[in-house]
Chemist: 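Quick one: the structure is below, questions incoming.
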Amino acid sequence: MEQEKMNTTDKISMDDLVALCKRRGFIFPASEIYGGINGFWDFGPLGILLKNNLRDRWWNDMVITPPIGPNGEPLKIVGLDSSIIQNPKVWEASGHVGGFSDPMVDCRETKKRYRADHLIVYLPNELEQENQDQSILVFVEGTPKQEIEKKIKKLKLSLSLSQCECIPLTDLDKYGYTEDYGLWLLRPNGTKKVDRSRLVAPDVKKPDTLTEARQFNLMFESSAGAVKDAASKVYLRPETAQGCFTNYKNIVDNMRVRVPFGIAQIGKAFRNEVTPRNFIYRSREFEQMEMEWFCHPDEARLWFDFWKDERKKWWEAVGVSTENLQLRQHDQDELSHYAKAGVGTVDIEYRFPFTWPGFGELEGVAHRCDFDLIQHEKHSGKKMEYFDDSVQPPRRFLPHVIEPAAGLTRGVLALLAEAYTADPSRPSKMYLKFNPSIAPVKAAVLPLVNKNGLPEIAQKLYYSMRTKFMTEYDAKSNIGKRYARHDEIGTPFCITVDNDTPKDQAVTIRFRDTMAQERVALDKVEGFVQKALKE
RNA sequence: GCGGGUGUAGCUCAAUGGUAGAGCGCUAGCCUUCCAAGCUAGUUAUGCGGGUUCGAUUCCCGUCACCCGCUCCA
């Protein structure tokens, strides 16, 4: 394929991006002087400016000035900052304790790893009496019938698929054989368990290559209080959403909100990922921007469609190009436990360099139904029903929840990847093409030379501008190096005070993307930049 | 967790079983009217831990981190 010119859809090198992030103070490996720690990253001086800009923009667009709804009126969304550590019962109710540490098994032969509930054991209704070593085949869920029969033939087993019980590996111990080798569906006390060493893994000819199922605990644990025992065990939250549900009743009772309304929260969440990968994309400590939208069950579809469109538009508004974004509907089998019964889940995906030419999740918009409120009703014993007397006749119901849940950390990565623009023609060979509104540094004030009264004029301008937006003053080294540095950190406007300035009271504004310069009166500069930031 | 790769200064790269070099950057100063110019001085490194050896950055073992593939991702 011929590539005529660089454009926003060109793949960039992750190595280059990671190197730039370190060199220019965006993102560092956590505790690097001690050799780092897998899955954790620190935001440097410029990284935190960028992250805060994205975070504040979300907060502003959700909580301060929420979107206009389908009926033409502004939506109501209130903010929240719940504790990272909650009563552990919260996570029992949410299903995070227990349900989500999927048991995994490894195959010693092929080195493959499987989710135990995705492996299907083909248990013969009767084992061959004369052959107590008979193998029992195991296949990945969804393996075509022909393939299974092929393997039976190959291994010369006298086995008929129609006389097999297909059960997930996780349920194996519920089954057993009697002395005459008839299969019991549910194993009564005293019968023999199925011998695991007879299992033949997928892609393997001999039995007994699968390891015992291992639990992966995806929640971080800690202890509250000085004494560490079972009763003091607490968890670091794996999502911010639950705080919105546990405070739902407080907010409905006290904040004069009426369904539909939203509760928004930004904060750290922690997941003990099996394999942290791809820079800050999958890290064990990360930041979420989640909004739980409570609505009548009949309106769930409407709000789901509203939020998925609204959220995609938002990413475009902060500078992510349309061609690098896509909406992807989840298949039925990848839906989360809470979304199974709902209208579905849509991911807003970004074309990250490491998913290229594919896409990776940036935000998920999910219909969580009333799963969470039901769970918290059950576990806490507190009523969560909403009483709506704005309609005739008045009605009681448990609201359904539409949840746009965005990754702030992933958002920062997407903005960096999106902004990274190669340009061999400039000294820096690249620049960060941030949308000016989220650029870490909005403007740099630069005296062309550090004498002739230019620093005095430049400083006066700087002192004024710094009160309005993030501005840097830099008088060191020659002007070309300063332009190059600001290209690398994505400063959209460089304002240079030159030797004509004392005479004409004007400066040049140098535009990052075009390197073009425009002469602007000193007293118009601030307004000029401010106007550009709003566009 | 498995397999493969990588690890020397902030960055890019060199070298060696015996004092670890360069360019760029960075800091200070000089000079300079617009895109990493020039001059002077300074700054910084063998991921970590063992072993072999008189001596290890180099050879061996382990470990950690990062990258690629598999696996996983509520």
Side-chain angles (χ1 to χ4, degrees), chain A residues 13-16 18-20 22-25 28-41 91 94-115 118 140 211 214 216 218-219 238-239 241-242 269 271-279 281-284 286 330 334-340 345 347 354 360-361 364 366 368 371 405 407 423 425-429 431 446-452 454 476-488 494-503 507-510 512 515-517 519:
Chain A
S13 144
M14 261 328 263
D15 286 347
D16 291 347
V18 172
L20 176 81
K22 184 176 175 190
R23 188 156 48 88
R24 286 307 183 190
F28 306 123
S31 41
E32 191 186 15
I33 59 171
Y34 292 103
I37 178 167
N38 188 234
F40 299 89
W41 299 86
W91 309 113
S94 71
H96 288 87
V97 176
F100 301 107
S101 44
D102 297 318
M104 310 290 300
V105 292
D106 290 323
C107 176
R108 280 183 286 259
E109 186 75 12
T110 62
K111 307 295 183 197
K112 283 186 181 167
R113 167 174 292 175
Y114 306 94
R115 268 175 65 166
H118 284 180
V140 178
T211 63
R214 263 178 309 189
F216 280 74
L218 292 179
M219 272 198 294
E239 62 174 19
Q242 291 306 321
R271 292 179 193 176
N272 209 351
E273 296 288 356
V274 179
T275 316
R277 274 289 166 89
N278 295 323
F279 200 27
Y281 180 77
R282 177 172 301 131
S283 47
R284 290 180 166 145
F286 57 99
H330 278 211
E334 63 176 314
L335 286 176
S336 327
H337 60 290
Y338 52 71
K340 287 232 158 57
T345 296
D347 279 348
F354 45 81
E361 182 186 357
R368 291 184 80 125
F371 177 87
D423 183 354
S425 73
R426 29 180 111 194
S428 55
K429 308 294 180 210
Y431 61 105
L446 316 170
L448 183 59
V449 292
N450 205 10
K451 60 176 188 181
N452 302 346
L454 305 191
K476 288 171 189 164
S477 76
N478 71 61
I479 192 70
K481 290 186 185 181
R482 284 177 277 167
Y483 285 155
R485 172 170 175 270
H486 283 286
D487 275 350
E488 282 196 324
C494 285
I495 293 139
T496 304
V497 175
D498 61 27
N499 285 317
D500 291 335
T501 306
K503 288 169 253 167
V507 295
T508 58
I509 296 184
R510 183 254 193 195
R512 175 196 63 199
M515 295 194 286
Q517 293 183 355
R519 200 152 188 93

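Order of the sequence lines sets the chain letters (A, B, ...), proteins ahead of strands, with each chain counted from 1.
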Chemist: Answer yes or no: side-chain N or O of A:Asn478 and base N or O of B:rA36 forming a donor-acceptor pair under 3.5 Å.
Modeler: no

Chemist: Looking only at N and O atoms, is any donor in the side chain of A:Thr508 or the base of B:rC34 less than 3.5 Å from an acceptor on the other one?
Modeler: yes

Chemist: Counting distance alone, no hydrogens or angles: does the base of B:rC64 have a donor or acceptor under 3.5 Å from a partner atom on the side chain of A:Tyr34?
Modeler: no

Chemist: Can you find an N or O donor on one side and an acceptor on the other, under 3.5 Å apart, linking the side chain of A:Gln517 with the base of B:rC34?
Modeler: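 In this structure, the two groups form a donor-acceptor pair.
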
Chemist: At less than 3.5 Å, do the side-chain atoms of A:Arg277 and the base atoms of B:rG69 form a donor-acceptor pair?
Modeler: yes

Chemist: When you measure from the centre of the six-membered ring of A:Tyr431, is the NZ or CZ of A:Arg426 closer than 6.0 Å and no more than 45° off the axis?
Modeler: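 Yes, A:Arg426 sits over the ring of A:Tyr431.
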
Chemist: Considering only the P atoms, how many Å lie between B:rG21 and B:rU43, rounded to the nearest integer?
Modeler: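 My reading of the P atoms in B:rG21 and B:rU43 gives 14 Å.
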
Chemist: Once hydrogens and angles are ignored, does a donor-acceptor distance under 3.5 Å link the base of B:rC34 to the side chain of A:Arg510?
Modeler: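 It does not, because no donor-acceptor pair links the side chain of A:Arg510 to the base of B:rC34 below 3.5 Å.
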
Chemist: Please report the distance separating the C1' of B:rU8 from the corresponding atom of B:rU46, rounded so that it comes out in whole Å.
Modeler: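 It comes out at 4 Å once rounded to the nearest Å.
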
Chemist: Would you confirm whether A:Arg284, through its side chain, and A:Asn38, through its main-chain N or O, come within 3.5 Å as a donor-acceptor pair?
Modeler: yes

Chemist: Atom CD of A:Glu273 and atom P of B:rA74: how far apart are they, to the nearest Å?
Modeler: 8 Å

Chemist: B:rU32 P sits how many Å from A:Leu446 CG, rounded?
Modeler: 19 Å

Chemist: Quantified in whole Å, what is the P atom distance between nucleotide B:rG25 and nucleotide B:rC11?
Modeler: 15 Å

Chemist: Is there a donor-acceptor pair closer than 3.5 Å between any side-chain N or O of A:Arg510 and the backbone N or O of A:Gln517?
Modeler: no

